[in-house]
Amino acid sequence: PALRSEVERTYGIHAQILPPPAGIDPEGPRVPLPGIRPGYVLCVEPLQRHRNLEVIVDAMRTLPDATLVIAGSGPLRSHLDDLAGRNVLFADVATEWHLRWLYANAAVVVAASFDDFNAAPVEAAGQGVPFVAPRRGSYLDTVRHGVTCLLFDVVDDRAIAGALIAALGCRWDPVRLRRHAERFGERQFVSSLRTIVEATAAATDRITRSRGRSTSMLSMKCRAKPRYPPATTAPASAAAFASSRRLTARRGSIRRRSR
């Protein structure tokens with residue numbers, strides 16, 4: 001997977017990646033937003049510069065008959081207002097019910113940002129709606145090109161416009177899209193997380209038992225081969241010490257006689 005390779009390249013860690021479940025329940029209630037007609041291009045992003053929203057707004061000039069709805073808030077709102085044409089609308093999403101309605105009534109969802117993980121492709125697929133995104137990052141893990149998504153290689157207005165035109169002209173299978181989204185649902189997430197935790201616990205238990213056996217064997221070796229000389233050498237050492245004392249005493253006696 002792309003994200004696993006990125007983690008390994010950046011941190012040198014061969015990690016197992018488990019993406020979080022989709023942020024919204026596809027089966028929940030929906031509340032429409034006034035002034036927005038179904039069949040639009042949807043972009044669900046915070047209005048920040050690194051999300052490349054200006055490029056998406058520029059791409060919509062090539063699609064004058066399509067409408068772009070940007071759902072999000074942030075410091076870039078006034079700047080995007082200045083760039084946007086008449087076919088660009090901004091939606092203030094107050095609740096999850098509004099967001100679910102926006103997904104369900106979109107013709108296609110688009111993003112141009114580079115993310116470690118973006119839930120929008122999964123949330124769109126859960127409503128049977130296709131996605132358009134860059135061919136990089138976590139998108140390669142959460143979409144299937146030609147089945148749930150169309151990927152573009154260059155993040156510029158022409159590439160995005162071309163991908164949107166192609167996506168709007170395709171016949172997508174909502175059943176396959178929803179089935180794909182189920183792979184990233186809460187039930188699958190809980191099952192995968194439980195499997196990882198159980199495997200980790202089993203591996204930890206094996207390591208602990210292995211270390212316990214090693215410690216036990218080391219203790220047995222220490223008892224079998226004591227670090228200090230055996231007690232049977234003590235008398236020999238005492239005899240040598242006594243012999244040395246007698247030799248010293250004789251030398252002292254000889255010296256006194258010579259005087």
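Positions are given from 1, in the same order as the sequence printed here.
- When the salt bridge (Lys or Arg N to Asp or Glu O under 4.0 Å) test is applied to D205, the partners found at least two apart in sequence or on another chain are R209.
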Side-chain donor-acceptor contacts of residues 72-84 below 3.5 Å, not counting sequence neighbours, with atom names and distances?
unit_1	atom_1	unit_2	atom_2	d
R77	NE	D81	OD2	3.3

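- Closest of all the heavy-atom pairs between A181 and G126 is CB-N, 3.5 Å.
- Across all non-hydrogen atoms, the minimal contact from T142 to F184 is CA-CZ, 3.8 Å.
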Run the side-chain donor-acceptor check on residues 49-56: report pairs under 3.5 Å with partners two or more places apart or on a different chain.
unit_1	atom_1	unit_2	atom_2	d
R49	NH1	E54	OE2	3.1
R51	NE	E45	OE1	2.8
R51	NH1	D115	OD1	3.0
R51	NH2	E45	OE1	2.7
R51	NH2	S113	OG	3.4
R51	NH2	D115	OD1	3.0
R51	NH2	D115	OD2	3.3
N52	ND2	A112	O	2.7

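- R61 pairs by the salt bridge (Lys or Arg N to Asp or Glu O under 4.0 Å) definition with D58, not counting sequence neighbours.
- Contact annotation: the side chain of L177 never approaches that of V129 to less than 4.5 Å [non-hydrogen atoms, C-beta and beyond].
- M60 and V109 fall into different hydrophobic clusters, defined by Ile, Leu, Val, Met, Phe, Trp and Tyr side-chain heavy atoms under 4.5 Å apart, directly or through other members.
- Here the CZ-OG1 distance, from R179 to T148, works out to 13.0 Å after rounding to the nearest 0.5 Å.
- Under the 4.5 Å side-chain heavy-atom criterion for grouping Ile, Leu, Val, Met, Phe, Trp and Tyr, L63 is connected to I160 within one hydrophobic cluster.
- For the pair R135 and F152, the cation-pi criterion (under 6.0 Å, within 45° of the ring axis) is not fulfilled.
- Note on L99: it does not cluster hydrophobically with V41, by side-chain heavy-atom contacts below 4.5 Å among ILVMFWY residues.
- A heavy-atom distance below 4.5 Å is not found between the side chains of E182 and R187.
- Inter-residue side-chain proximity for P121 and Y139 is flagged as met; some heavy-atom pair is nearer than 4.5 Å.
- Both V44 and F131 are part of a single hydrophobic cluster, where members link through side-chain heavy atoms under 4.5 Å apart.
- Nearest heavy atoms, Y103 versus I24: CD1-CD1, 3.7 Å.
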Output side-chain donor-acceptor pairs under 3.5 Å for residues 161-176, partner residues at least two apart or in another chain, one line each.
unit_1	atom_1	unit_2	atom_2	d
W172	NE1	A167	O	3.0
D173	OD1	V175	N	3.0

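- W101 and L68 are members of different hydrophobic clusters when ILVMFWY side chains are connected at heavy-atom separations under 4.5 Å.
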With a cut-off of 3.5 Å and sequence neighbours excluded, list every side-chain donor-acceptor pair involving residues 88-96.
unit_1	atom_1	unit_2	atom_2	d
T95	OG1	W97	N	3.3
T95	OG1	H98	N	3.4
T95	OG1	H98	ND1	3.1
E96	OE2	R100	NH2	2.4

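- Not one N or O on the side chain of S210 forms a donor-acceptor pair closer than 3.5 Å with the backbone of R206.
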